Amino acid sequence: MGSKMKLKLAIQKSGRLHEDSIKLLKECGIDISNGANKLKTEATNFPLEVFFLRDDDIPQYVEDAVADIGIVGENVVYEKNKSVELVEKLGFAPCRLSLAVSRGENYRDVKYLEGKKIATSYPSLVQKYLDEHKINAEIHEISGSVEIAPGIGLADAICDLVSSGSTLLTNGLKEVETILNSQAILIRNKKLSDPHQQLLNKLLFRIQAVKKARNNKYVLLNAPNDKLKEIISLLPGMKSPTVLPLADEGWSSVHSVLSEDEFWDKIEQLKAAGAQGILVVPIEKMVI
Ligand code: ATP
Ligand code: ZN
């Protein structure tokens, strides 16, 4: 491996994915200087070169091996249908690609769309959905402000990305079908060289540790010794909880890890079982 060999990563130059992509690198311990108008930059402490691109171009650059890997929304990857491989779901920028019609419309099911005009920036995903449901409809591809199309008489329906739904609401639209759920993902070129693959593995190891840490909390609590057994039985921990005696005789301090999805239930059960002084701390990295 030459000492100058670097992994080339493409991320969005500006927009909804930009900051979370940089944040993920930072949490992986990778420092990059993020000059606003730069096309590319290099990490100072990891063999990584970062390219700043429009999100729409990232799948193509990764297919062509201009970049080895990229961070981009699933919606873009599936719309562009390039030959790239999914490495890891990253858990940020959640959204859905949905069909919407004017709020006053009497929409029952997808048959409503037969013979209608649909405005979208995702023509190939919409066409695929229509084909699967055996619907003939006319697709109007537009690159932005899709949500105004019904209001100006350009289309009967739209298909666009939705997160909170507030854009639809302010434009008098209602969401009627979800055709894709999306989040940011890491993609890679299909033919990475071995040294590049090794660098990717190293990066991936860190990403997974960051993801796990985000989904878990470190919990410290005080337990009367006669309740210790019951309290410990409620806690999973990485191996088993850590139990330390307190200066106050008859009491122990218990340390453990709880996952986000069971968190509140467990806290209630722990309190009910006699735990006191419960302290919850974020975890920065988690390697199992
Ligand atoms: P670019 O200038 O890079 O082409 P863009 O305007 O196409 O940017 P953004 O609006 O920044 O893209 O969105 C980037 C990605 O963020 C989307 O492709 C999608 O995966 C994700 N996303 C999450 N929530 C939303 C949302 N409510 N609307 C649009 N995109 C969203
Ligand atoms: Zn874009």
Side-chain angles (χ1 to χ4, degrees), residues 8-25 27 32 34-41 49-64 66-67 69-82 84-101 103 118-129 139-151 155 157-188 207 211 214:
K8 288 171 284 178
L9 164 69
I11 65 171
Q12 192 187 24
K13 184 173 171 58
S14 64
R16 292 172 196 263
L17 299 171
H18 177 79
E19 278 182 17
D20 283 338
S21 303
I22 302 277
K23 187 165 146 236
L24 178 64
L25 292 177
E27 287 175 348
I32 60 166
N34 183 25
N37 290 313
K38 274 197 196 157
L39 177 64
K40 64 175 187 171
T41 188
E49 205 171 347
V50 182
F51 292 85
F52 302 107
L53 300 166
R54 285 203 57 193
D55 65 346
D56 314 67
D57 298 332
I58 291 174
Q60 182 74 62
Y61 278 107
V62 172
E63 178 181 295
D64 294 344
V66 174
I69 56 175
I71 295 177
V72 65
E74 286 177 279
N75 50 304
V76 171
V77 176
Y78 301 141
E79 173 66 24
K80 304 286 175 193
N81 202 18
K82 299 292 173 198
V84 296
E85 220 154 87
L86 166 69
V87 180
E88 182 83 5
K89 299 206 177 202
L90 300 174
F92 61 84
C95 59
R96 51 197 190 273
L97 186 60
S98 288
L99 283 155
V101 300
R103 215 168 325 149
I118 306 170
T120 187
S121 309
Y122 295 85
S124 83
L125 287 173
V126 174
Q127 189 61 59
K128 195 167 150 245
Y129 182 84
I139 296 174
H140 276 243
E141 182 178 356
I142 47 180
S143 59
S145 304
V146 172
E147 65 282 355
I148 65 167
I158 66 158
C159 188
D160 203 6
L161 295 173
V162 183
S163 44
S164 69
S166 61
T167 306
L168 294 182
L169 205 65
T170 53
N171 286 282
L173 302 173
K174 61 178 176 188
E175 192 175 353
V176 292
E177 308 285 349
T178 296
I179 77 170
L180 177 79
N181 284 302
S182 175
Q183 60 176 284
I185 56 174
L186 182 68
I187 54 171
R188 74 165 177 92
I207 289 175
K211 271 177 68 185
R214 280 182 188 168

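As the structure lists them, so they are numbered: ligands from 1, and atoms in each ligand from 1. One-based numbering along the sequence shown. Keep in mind it's a predicted model, so treat the numbers as computed, not measured.
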Of the listed options ([options]), which comes nearest to [atom] when hydrogens are ignored and any heavy atom counts?
atom: atom 5 (P) of ligand 1; options: Gln12, Arg96, His18; result: Gln12
atom: atom 24 (N) of ligand 1; options: Ser182, Cys95, Ser164, Ser121; result: Cys95
atom: atom 1 (P) of ligand 1; options: Leu161, Asp55, Asp20; result: Asp55
atom: atom 18 (O) of ligand 1; options: Ile185, Asp160, Asn75, Val162; result: Asn75
atom: atom 29 (C) of ligand 1; options: Lys13, Arg16, Glu74; result: Arg16

Give a yes or no on whether the backbone of [Y] and the side-chain of [X] come within a donor-acceptor separation of less than 3.5 Å.
X: Gln12; Y: Asp55; answer: no
X: Ser124; Y: Glu79; answer: yes
X: Ser182; Y: Asn75; answer: yes
X: Glu74; Y: Gln183; answer: yes
X: Arg96; Y: Ser163; answer: yes

Spacing of CG belonging to Leu125 relative to OG belonging to Ser121, to within rounding of 0.5 Å: 11.5 Å
List every atom of ligand 1 that sits less than 4.0 Å from any heavy atom of [X], numbering the atoms from 1 in the order shown and giving each element.
X: Gly73; result: 20 (O)
X: Ala93; result: 23 (C)
X: Val76; result: 18 (O)
X: Gly15; result: 11 (O)

What protein heavy atom sits nearest atom 15 (C) of ligand 1, and how far away is it? Leu17 CG, 3.8 Å
To check your reading of the model: name the closest protein heavy atom to atom 27 (N) of ligand 1, its residue, and the distance in Å. Ser163 OG, 2.7 Å
Applying side chain to side chain donor-acceptor pair (under 3.5 Å), can you list everything that pairs with Arg54, at least two apart in sequence or on another chain?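 Expected list: Asp56.
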Could you pull out the atom name of the N/O/S atom in Asp55 that is nearest the Zn ion (ligand 2)?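 The Zn ion (ligand 2) is closest to the Asp55 atom OD1, counting only N, O or S.
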Report the name of the N/O/S atom of Asp56 located nearest to the Zn ion (ligand 2).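 Result: OD1.
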Return yes when atom CZ of Phe51 has more than 12 non-hydrogen atoms of other residues, nucleotides or ligands closer than 6.0 Å, and no otherwise.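 Buried by this count: over 12 neighbours within 6.0 Å.
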Do Arg54 and ligand 1 have an N or O pair less than 3.5 Å apart?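 N/O-N/O distance under 3.5 Å: yes.
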Establish, from distance only, whether the side-chain atoms of Glu175 and Ser98 form a donor-acceptor pair under 3.5 Å. yes
